[in-house]
Amino acid sequence: MFKIYSVALQPYFRILKKLIMVKNLVIVESPAKAKTIEGFLGKDFVVKSSFGHVRDLSKTKLGVDIENNFTPIYEISADKKNVVSELKKLSKDAEVVWLATDEDREGEAISWHLAESLKLDLKKCKRIVFHEITKTAIKNAIESPRSIDLNLVDAQQARRVLDRLVGFELSPLLWKKVKPSLSAGRVQSVAVRLIVEREKEIQEFKTMGSFRVTGLFYAMHNGQPATIKAELPHRFQTREEALTFLEKCKNAQYFVNDIETKPARKTPAAPFTTSTLQQEASRKLGFSVSRTMLVAQKLYESGKITYMRTDSVNLSDTAIGMAKEMISKSFGDEYIKIRQYSTKSKGAQEAHEAIRPTYMNVQEAGSDDSERRLYDLIWKRTIASQMSDALLEKTNVTIGISTTSENFIATGEVLKFDGFLKVYLESTDDEDDEAQEGILPPLKIKQELMPDHILAQERFTKHPARYTEASLVKKLEELGIGRPSTYAPTISTIQKREYVVKESREGAKRGYTQLILKDNKIDEQKKSEITGAEKNKLFPTDIGIVVNNFLLEYFVQIMDYNFTANVEKEFDNIAQGMKQWTRVIKEFYYPFHDKVENTLQKSERFSGERLLGKDPKTGKDIIARIGRFGPMVQIGHPDDEEKPLFAGIRKDQSMETITLEEALDLFKLPRKVGAFEGKEIVAAVGRFGPYLRYDSKFVSIPKQDDPLSVTLERAIELIEEKRIKDKEKIIKEFKENDSIKILKGRWGAYLSADGQNYKLPKDKDPEKLSLEECLNIIKEGTSTQKSRTTRKKATGKATGKTKK
DNA sequence: CAGTGAGCGAGCTTCCGCTTGACTT
């Protein structure tokens, strides 16, 4: 009976199977991209994402079989197991698998890894590429498939293996010679070097003063006085020279000697890449590099902008078309100028478009303030890039002085046609812009100008600017080091390792002299200004400096700013099939490895030791150096009869600059402050800064107080403040059991009992929990507690992240 | 979350580049 039915139904089963079966499986890297593309292709296509790389070298082991001609040992990444098994299932039934990963070295490798780990039948496997997400681009790609470029894959393998070998041989060397848990790598170590070297330049910089002379003049224009600001083209080195000049200007007459007018133009900046977006968002919106990427990711996922990790300045034809229409409609055709930009950066691989709005006619987008502001920036930059030049007229007026051959120069700028400036102007990193260009009144040659005053002001040369996160990215990109997807992570790595800190520092007062000539009288004034203030700049730490010096001493090759560029040339040779990838690695590895071995055997511990002086009490040496837990000072040597004394250096101090006195102060802690309510108060400095300990509780000492000098009264005040704060934290207490409390924490209410914390059930009001319910939570909590200790390896890493 | 620092030795750390969520006591 059943058999008859099944035979009769067979044709229907076949149709059904055909319907379920995927005819074409397309695999791309990003899920957002997959969604868009699926809309372009018909019902016969299913588009899935690989979520980036699916396979990599072992996370913990070296993962390279050096003996066996550097064979990489790949593993499916833990978080990609599900992805791979799903893709495997789909690909089995598919007639054709289209590998549509990005067209660059990494993208080619992802396709190859997919083919390998999905065990794809190469006969039904087609490799396609497109640079823009448009229907035509994708249809075109489908029509011209190719096979996987194994040379390009090999170039990626070489890149991967080289980075692994460098990172996993240098880091352990640092653990032994400097301090545990440190790291070194082709990218991060050079990033740190840039910051350390800039700091050194700043320390060695000698500030020079000179006198800048400006004059304010009047010219009559339509019966009204108009002002003209002018400046002497050179500066005086001394106050005396400046004074002599002003003396000469007494009773002098001023004439227009020459007027020179010439046209000038300004050109818009290229559309955004990852790096330029990070720079502009930092300058214009004050975003950190990671915030920019987070916000951009959201805009991308909601379909508002194109892909945000790109090194290309290229816009698709459709994008240019949309921009043209938008400009024409909003500003008029005279504002349109179609431009093709080409990349300037080393090693760009241009697998994507520039970062631009998906739809140019959408002028505002984003679901919160950050998104809206970043979108606005992207929209303006993209539109401006297709607009006409701004036309200017620059005027230089030379003003003669009757009593000397010196001339003042006044410069003016008139905007003749605003062009792209109507929408957007790129900002610069230059902090000081003393040049003042404004509009000049109409002037004639020989015309006399009346002086209001002449000012000679002492100005100082400035040291090179410290890097911001964004300007470091710019520098790395110029050197061809790192990729759009790694700029933000690299910057957080070097901060997480405590090689570098991002800080703002208050400036100091500096006096300067100013001489004013007004009404034929010279007046001298002493003034002061704030100098050296820094906001969100990158500073090297002691550890950063010591590790950098160590690597420079033993591994100059890796630290060379051109190292990446040099190996990139080799990777290109591999990609072009001119060289075997394992040969490139071999040539690099053996000399490198010998150096590692050599350094391991021969070099001493590298701790950046610095002798500060002698202890006045014992006559022993006082030394600053890096210890197991970071920078510290010690009195005496380990081989002395008595054990040396140790003290950690405070966060606001550094090994490089700490004085003998400051070091001695560190040994005065912990210090007894006095007694309060019958118990002793002790002041000390811990891992998280200065603190008071009282009744086995800790109270932080705020910045304005010093643990060395804090008085008993002040200490009591701080303890009482803390008591009030702790009270505010309590949501609920139990009379029956005072060790159990419900407290307000960073992530909302939680349960605290005997120093252990527990999560509260989400569906219950924390204020209404009974003691019984709490005891239950604690009981159940023990099981989660256990699972957490077994997971310790994983969570330990996560907490390390939040520590900073 | 706040006492460390020599040496002994267990077991741990680490790279760069491609992608997103998971989830915080």
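Source: prediction; values computed, not measured. Lettering follows sequence order; numbering is per chain, from 1.
Contact annotation for A/Gln297: backbone-only contact, meaning every heavy-atom pair under 4.0 Å involves sugar-phosphate atoms and none involves a base. Contacts of A/Arg497 with the nucleic acid, taken as non-hydrogen atoms under 4.0 Å apart, involve only primed sugar atoms and P, OP1 or OP2. A/Thr493 comes within 4.0 angstrom of sugar-phosphate atoms only, judged by non-hydrogen atoms across all strands, and of no base. Note on A/Pro670: nothing from the nucleic acid sits closer than 4.0 angstrom, heavy atoms only. Contacts of A/Ser30 with the nucleic acid, taken as non-hydrogen atoms under 4.0 Å apart, involve only primed sugar atoms and P, OP1 or OP2. Across all strands shown, A/Arg186 has heavy atoms under 4.0 Å from sugar-phosphate atoms exclusively, and none from any base. The residue A/Asp102 sits close only to the backbone: its heavy atoms come under 4.0 Å of sugar-phosphate atoms, none of a base. At the heavy-atom level, A/Arg483 lies under 4.0 Å from the strands shown only through sugar-phosphate atoms. Here A/Gly482 lies in heavy-atom contact (under 4.0 Å) with sugar-phosphate atoms only. A/Ser171 comes within 4.0 angstrom of a nucleotide base, judged by non-hydrogen atoms across all strands. If you check every strand for non-hydrogen atoms under 4.0 Å, A/Leu174 touches nothing. Nucleic acid contact class of A/Gly52 (heavy atoms, under 4.0 Å, all strands): base. Contacts of A/Ala109 with the nucleic acid, taken as non-hydrogen atoms under 4.0 Å apart, are absent.
Consecutive Watson-Crick or G-U pairing (both distances under 3.5 Å) never extends over three or more pairs in DNA chain B.
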Start with the C-alpha distance between A/Glu662 and A/Gln653, add both sets of side-chain angles, then the distance that settles side-chain contact (heavy atoms from CB on, under 4.5 Å), and finish with yes or no.
CA-CA 9 Å; A/Glu662 286 165 342; A/Gln653 297 173 322; 4.0 Å; yes
Show your reasoning for whether salt bridge (charged side-chain N to carboxylate O under 4.0 Å, His left out) applies to A/Asp56 and A/Lys80.
CA-CA 10 Å; A/Asp56 192 14; A/Lys80 299 295 164 53; over 6 Å; no
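Considering only side-chain atoms of A/Asp163, the nucleotide from B/dC16, B/dT13, B/dC18 that sits closest is B/dC16. Distance from the side chain of A/Arg159 is smallest for B/dG17 among the nucleotides B/dG17, B/dG3, B/dC15. Ranking B/dG5, B/dG17, B/dT19 by closeness to the A/Met632 side chain, first place goes to B/dG5. Checked against B/dT13, B/dG17, B/dT19, the side chain of A/Ser181 finds its nearest nucleotide in B/dT13. Of the listed nucleotides (B/dG21, B/dG17, B/dT19), B/dG17 has the atom at the smallest distance from the side chain of A/Val187.
Taking the charged nitrogens against the carboxylate oxygens, A/Arg127 and A/Glu108 do have a contact shorter than 4.0 Å, which makes a salt bridge. We find that A/Arg55 and A/Glu75 are not joined by a salt bridge, their nearest charged nitrogen and carboxylate oxygen being 4.0 Å or further apart. Note on A/Glu568 versus A/Arg105: salt bridge recorded, some NZ/NE/NH1/NH2 to OD/OE distance being below 4.0 Å. Salt bridge annotation for A/Asp572-A/Lys569: absent, with no cationic side-chain nitrogen under 4.0 angstrom from a carboxylate oxygen.
Comparing the same atom, C1', in B/dG5 and in B/dT25 gives a spacing of 31 Å after rounding to whole Å. Nucleotides B/dT24 and B/dC1 have their P atoms positioned 16 Å apart, rounded to a whole Å.
The interatomic distance linking A/Phe629 (CZ) with B/dA6 (P) rounds to 8 Å, in whole Å. Rounded to an integer number of Å, the gap from A/Leu57 CG to B/dC15 P is 14 Å. For the pair A/Leu173 CG and B/dC15 P, the computed distance is 15 Å after rounding to whole Å. Atom CD of A/Gln188 and atom P of B/dG17 are 11 Å apart (whole Å).
Below 30°, between 30° and 60°, or above 60°: for A/Tyr554 and A/Phe550 the angle between ring planes is between 30° and 60°, a tilted geometry.
Take the nearest nucleotide of DNA chain B for A/Tyr300 and for A/Thr490: the residue whose nucleotide is more 5' is A/Thr490.
Relative to the ring axis of A/Trp581, A/Arg159 does not place its NZ or CZ within 45° and under 6.0 Å from the centre. Judged by the 6.0 Å distance and 45° axis criteria, A/Arg186 is not positioned over the aromatic ring of A/Phe563.
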